[in-house]
Amino acid sequence: MVSAQALVDALLQRGYSFWTGVPCSYLSALIGCIDGAPAPRYLAATSEGEAAGIAAGAYLAGQKTVVLCQNSGLGNMVNPLTSLNEPYRIPTLIITSRRGGDGDEPQHSFMGHITGSLLSLLGLPWEEFPDQASGVAPALDRLEDAMAASHRPAALVVSKSQIGWKPAGTQQKAGLGPGDRRTPAPPGTLTGPFILPASDRISRAEAVRGVWEALSGHEAVIATTGKVWRELYSLGHRPGFFYLLGSMGCASPVGLGVSQGFGREVVVLDGDGSALMKMGAMATTGRYSPGNLTHVVLDNEVYETTGGQRTSSVTTDLALVALACGYRWIRRVDTVVGCTEAMLEASRVPGPRFIHVKVSAASDPAMPKFCKTLTEMKLDFMEWLKASGKRP
Ligand SMILES: Cc1ncc(C[n+]2csc(CCOP(=O)(O)OP(=O)(O)O)c2C)c(N)n1
């Protein structure tokens, strides 16, 4: 058995300052060492896909990242791994358990059987976690080399009882580590009823322009998949804009990750379908309460990009969800000037803030094609973040 703290120390030495993930009992000692500890920073995500998004954002803001998960959660991560980490070349070190060994519970056996092949199929270099402490540094070195060469994630696969509180033979520590002692924030404020009848709603593009009018040029803006990012791009690209062409639902996790390493404002432009897909990320945002984050949801009540099918936003009030999740300031708007004013006011109050914009399902069929490669856009964005305001 390898001591969890020794593994944490080895990774801290290599600069892995930002960790996120979802627990597995095989990793409980590891999480116990870091949750609530001063270093590394650990954000508990609500799903592994969300964790991949948060880690990607933290990476963009200049941090080396670790994602912890159970192998069941690798399934939840496949979409961001294939449509965010892979095309944008965003590495992260995944430490996954391998449940499903002999005698384990039946729900784990199939994923246990395919864990290695799934990682290989995803094109990720991976290693079995070493049995001896002396094997840890060489395994980490090999994975680091692989990530440096490919700019893609790599994985360590941990079997039962390989990581514990203390080296084998010594007494197990009871319970968990310091833990994250965060208390719920006092209730946020929710203002601004929608004023327009549904038939008079502004278009999503108009709302994007309303938001854009309020930008000072110093914010990092993360725009979601579908047409939202295209509508932002059509107003003129800036190096502080990051477009998520895929990884639906990951705009707010990526924004949360960026907010952790970036000293200035971060704005997330989301759709209702995308926000609903990873609604757990709103709970994580409320929990970790980034003061510099504004989450704007452009709610047309449909998946407009895929043909206008209804989403659940008609019956799920996203502003109330944000309030319940612990966002500090929430505003409902449905006019262009309302979008601009809400953005300006948001920049003056502590975050996280949530702007819920009701829009129509209309969109312009003719939109510009993106003229850079995704890796060029990523590198520009990373350089801009670095030059514009790294958090001390
Ligand atoms: C994981 C995943 N599921 C489904 C899709 C297909 N898809 C692309 S855009 C989109 C709709 C997004 O809806 P919303 O966020 O409400 O934005 P809108 O298109 O209405 O502006 C869907 C379902 C996808 N790209 N990725």
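Note that ligands are numbered from 1 as they come in the structure, with each ligand's atoms numbered from 1 the same way.
- Shortest contact from atom 16 (O) of ligand 1 to any protein heavy atom: G273 N, 2.8 Å.
- Residue N300 approaches ligand 1 through these ligand atoms, each under 4.0 Å from one of its heavy atoms: 18 (P), 20 (O), 21 (O).
- Heavy atoms of V302 found under 4.0 angstrom from ligand 1 belong exclusively to the backbone.
- Taking a cut-off of under 4.0 Å to the non-hydrogen atoms of E304, the atoms of ligand 1 that pass are 18 (P), 19 (O), 20 (O).
- By the 3.5 Å distance cut-off applied to N or O atoms, R204 is counted among the residues near ligand 1.
- Electrostatic pairing of E345 and R331 counts as a salt bridge here, judged by a charged N lying under 4.0 Å from a carboxylate O.
- Within a 6.0 Å radius of CG in D200, more than 12 heavy atoms belonging to other residues, nucleotides or ligands are found.
- When the options S313, S247, S274, G49 are ranked by their closest heavy atom to atom 15 (O) of ligand 1, first place goes to S274.
- Remark: ligand 1 and Y303 share no N or O pair separated by less than 3.5 Å (distance only, no angle test).
- Counting protein heavy atoms only, atom 17 (O) of ligand 1 is closest to G271 CA, 4.2 Å.
- Outside the 6.0 Å centre-distance limit, the rings of F242 and W384 are not counted as a close aromatic pair.
- Only side-chain heavy atoms of T306 come within less than 4.0 Å of ligand 1; its backbone N, CA, C and O stay farther off.
- Checking side-chain atoms of T340 against main-chain N and O of G210 turns up a donor-acceptor pair under 3.5 Å.
- Counted within 6.0 Å of CD on Q132, heavy atoms from surrounding residues, nucleotides or ligands total 12 or fewer; the atom is thus considered open.
- When atom types are taken as modelled, the side chain of Y59 and the backbone of V258 share no donor-acceptor pair closer than 3.5 angstrom.
- If you chain together ILVMFWY residues whose side-chain heavy atoms come under 4.5 Å of each other, M248 ends up grouped with M277, Y303.
- Ionic pairing of D272 and R310 is not present here: no N-O contact between side-chain nitrogen and carboxylate oxygen is shorter than 4.0 angstrom.
- In this structure, V67 belongs to a hydrophobic cluster whose other members, linked by side-chain heavy atoms under 4.5 Å apart, are L74, M77, V78, L81, I94, F110, M111, I114, L118, L119, L122, L124, W126, V157.
- The ligand atoms of ligand 1 that sit less than 4.0 angstrom from a heavy atom of N79 are 1 (C).
- With a heavy-atom cut-off of 4.0 Å, D272 touches ligand 1 through backbone and side chain alike.
- Counting only non-hydrogen atoms, the option in K227, M248, E301 that gets closest to atom 4 (C) of ligand 1 is M248.
- Ligand 1 has no nitrogen or oxygen under 3.5 angstrom from a nitrogen or oxygen of G226.
- Residue contacts with ligand 1: T305 is placed with a nitrogen or oxygen under 3.5 Å of a nitrogen or oxygen of the ligand (distance criterion only).
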